[in-house]
Structure formats: C-alpha cells, structure tokens
Amino acid sequence: MLTCLCAVTVHGVAWSFMEAVLRQLKNILELLAVSQTDGVREWDQHTLQRAFQWAEYCEQLHSRFQCNPTVRSALEAGLKDTNQRLQDALPAHSPVMFSDLAQCQHKLLLHLLSNPYSPNSVVQMFFPNPKTAAQEFQFDQSSFITCKSAFTLLCCSFDRTSHPGLQVEAEVRGKLLRELLNSLLTRSGNEEYARTVLDSIIRDSAGKPGSLYDVIAAALLSSDDDTSAVTQHFILSWIQDRDGCLSELCRSLSPGLCTVLSRQSPEFKRAYWGVVKQWASCLQYDVLESVWVPTSEGPVTFNALADRLKDLLNSGAPLKEDTETELNALKLEDGDFNVKGISVWTDLIIQLKIGS
C-alpha cells in the first residue's frame, strides 16, 4: 500500500488516494479509542492481530511521510478532525498526534494491558507459556514491544531495590527481556532474531547506556535452569562481540551486583576477571606520589579496583578462595615481588591484606 502511495506522490499528491488513506487513519484512531473501552471484550486473537497490523501500517506512514510537508500536513489535519470527534464522544480520549504514529503499536499495547476489560486470551498472547513456547512462539513485533513497554504497568515503585544498585524498573525490563529471549532461543534458527532484540535495545537507550546496562544485568540474573543458562550465555556472547561493551557494562554496575553475577555464573566471573585485568593494565605507578594512577585511557582508579576485589573477597566461599587464588597467580606472573610500586597485583594484595 505504501509503495503505491509513494509512487503517486513522486509527481504530486493524488488527493483521491489521500482521501482513502485519511479514512484508514480515522479508523485506526477509532481502534485505539476502542482499545481503552469495554468494547475490547469482543476482541479475539484474529482481531488483535489485525489491530497490530494496522498499528504497524500507521508507523510506516509516519516513517515514510514525516519529511513530506504536503502529505504530512494532510495527515495532521485528518488527525485533528478525528481527535475532536472522538473527544466529543469519549471525553477520556487522549488526542493522537502525528509524532505518536511512530509508536502506534506501543500505544495500542499499553491500552490493552491497562484495560481491565481485555480478555485473558488477548493478554496471554503477549506472555507465551514457556512450556509451549518451543512449539507455538513466533517472533513478531508485538512480542518485542512487550519487552520495551509492559514494564510501565508492572513497576509499583522506582525507589526500592532487591539487588545492589539495581532499580525495580531495570529489574522488570530485564525480566521481560530474559523471558522473550528464552522463548526465542528455545527454537533453533532464532538466534538472529534474538540479536535483533538486543541491538534494538541499544538503539532505544538513546544516549543513556547506564540504564541499558542495568537492564542487561537484570536479564543475566536468572535461575539455574537450562533455558536461562542458554540465554545467559547468548547475552554474554553478544556483549563480548561489541567492542568495549563488556568493560562499560562492568564499570556501570555496582561492585555488589558484579559479585552477585560472578557468584551465579562462572562464565560471567571469567569475563569479569578479564575486565579487571584490563583495568589493572591501565594503571601506572607514580614514583613521586607513591600511588597507582590511571593512564589516559584508564577507566578506574586503584582504589575503585580494590573495592571491587574486596567485594569479591567478602562474598564467601567459593568466590573468596577463587579471588585469592587468582590474585596470587597474577602476582606470581609479575615476578612475585613484595616491593611496593613494582606490581599492581602485589600492591592490591597488600592493600586487601591477603596472605600468600
């Protein structure tokens, strides 16, 4: 449909065709309005699928014509007229602006999940049963949008934490992301879809990588089952494939959270230790000040590195013993000196009061 529309607008706008598009836009706004009322009780799965298809069509309209002043002006005028009519009939109706068309599926999803009249069969479509996901789950846009937006309906508080330094919002996002990836990865051949999901989350972070890394950390916090282990491995592999992403992830997370992840996952522990060693390699000894200082590219200070190691040492067995063993091995690798200022590992061991 949009291909045809593009063709007729190359040499000028065909208004008879535009009238048809405006009628469709009016119907979509009415659909969004109904999704907030008790009328949604009549919807079945086929209706829902069609609704999301029309919402996706709206997003395509926005993408295609946001830079076309003539078509955009016509669409905005149509939106204004329809919004006014719907507000007269439904005072609670929120006007839909042209910019809202870019997230039409997102808006539809939120309406349905927050509407108490939404049938259970409709809501369950967004949260497939893990036991049947391998047979029934198909990756589609609406399932992915669940990962990005349903958290707004599940978060009851934004100021309490259940893991060190991790907000509830990030935990909910991470749990939804993990469940979506679990469902994808239970079927062979979906790895590319799963990477698309993670790549899209990076794009959605829009200059706020800290929140992105919290969500990824929450997704890594999983129970000991085969499905979660596969997902955890997949996320870590994806992170390690992106230049500098693993180091930024570890640096943005609190020492306590990195310790929790290290205790839970041997694979994360190995990756974290690799980052710790890379950070240490960026420290150099200032002879005049008698301190270790970061080089120009050094991401952490000596004391910050010591704090992270201290957290690992305070975590109890077996992580405490593993950390001591690793530190002593690194000191030995550096020549096993006991003189301050020669090896960063020797000085870390001295500061942490570890017996060789």
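The model shown is predicted, which means the values in this text are computed figures rather than measured ones.
Crowding of Asp243 atom CG: a count of heavy atoms from other residues, nucleotides or ligands under 6.0 Å not exceeding 12.
Applying the ring pair (Phe, Tyr, Trp, His ring centres under 6.0 Å) test to His111 and every residue at least two apart in sequence or in another chain returns nothing. Arg72 pairs by the salt bridge (Lys or Arg N to Asp or Glu O under 4.0 Å) definition with Glu76, not counting sequence neighbours. Not counting sequence neighbours, the partners of Arg85 by the side chain to side chain contact (heavy atoms under 4.5 Å, CB included) test are Lys26, Glu30, Thr82. Looking at residues two or more places apart in sequence or on another chain, you find no side chain to side chain contact (heavy atoms under 4.5 Å, CB included) involving Asp81. For Leu246, the side chain to side chain contact (heavy atoms under 4.5 Å, CB included) criterion is met by Ile239, Gln240, Leu249, Cys250, Ala271, Val275, not counting sequence neighbours. Residues meeting the side chain to side chain contact (heavy atoms under 4.5 Å, CB included) test with Thr301, sequence neighbours left out: Pro294, Asn303, Ala304. Annotation: ring pair (Phe, Tyr, Trp, His ring centres under 6.0 Å) contacts of Tyr285 (sequence neighbours excluded): Trp292.
Shown here for Gly78 and Leu22, the closest heavy-atom pair between the two residues is CA-CD2, 4.2 Å. What you find for Pro95 and Asp100 is that their closest heavy atoms are O-OD2, 3.8 Å.
Listed by first then second residue, pairs satisfying ring pair (Phe, Tyr, Trp, His ring centres under 6.0 Å) with a partner in residues 244-280 read Phe268-Tyr272, not counting sequence neighbours. Applying the salt bridge (Lys or Arg N to Asp or Glu O under 4.0 Å) test to pairs two or more places apart or on separate chains, those with a residue in residues 307-323 are Lys269-Asp322, Lys320-Glu324.
Under the 4.5 angstrom side-chain criterion for Ile, Leu, Val, Met, Phe, Trp and Tyr, the cluster partners of Ile342 are Phe337, Val339. Under a 4.5 Å side-chain heavy-atom criterion applied to ILVMFWY residues, the cluster that includes Val291 comprises Val293 as well. With side-chain heavy atoms closer than 4.5 Å counting as contact, directly or through intermediates, Met97 stands alone and belongs to no larger hydrophobic cluster.
One N or O on the side chain of Thr295 and one on the backbone of Cys282 form a donor-acceptor pair closer than 3.5 Å.
For the 3.5 Å distance criterion, the side chains of Gln232 and Glu267 fail to qualify, holding no donor opposite an acceptor. Judged purely by distance below 3.5 Å, without hydrogens or angles, the side chains of Trp238 and Asp199 pair a donor atom with an acceptor atom.
The shortest distance between side-chain heavy atoms of Val96 and Cys104 does not fall below 4.5 Å. Within the 4.5 Å cutoff, the side chain of Val300 has heavy atoms near those of the Arg251 side chain. Side-chain contact between Trp43 and Val40: present, with at least one pair of heavy atoms (C-beta onward) separated by less than 4.5 Å. For the pair Leu181/Arg178, no side-chain contact is recorded, criterion being any heavy-atom separation below 4.5 Å from C-beta on.
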Using the side-chain contact (heavy atoms from CB on, under 4.5 Å) rule, take Phe65 and Leu101 through it: C-alpha gap first, then chi angles, then the decisive distance, then the call. CA-CA 11 Å; Phe65 298 118; Leu101 299 184; over 6 Å; no
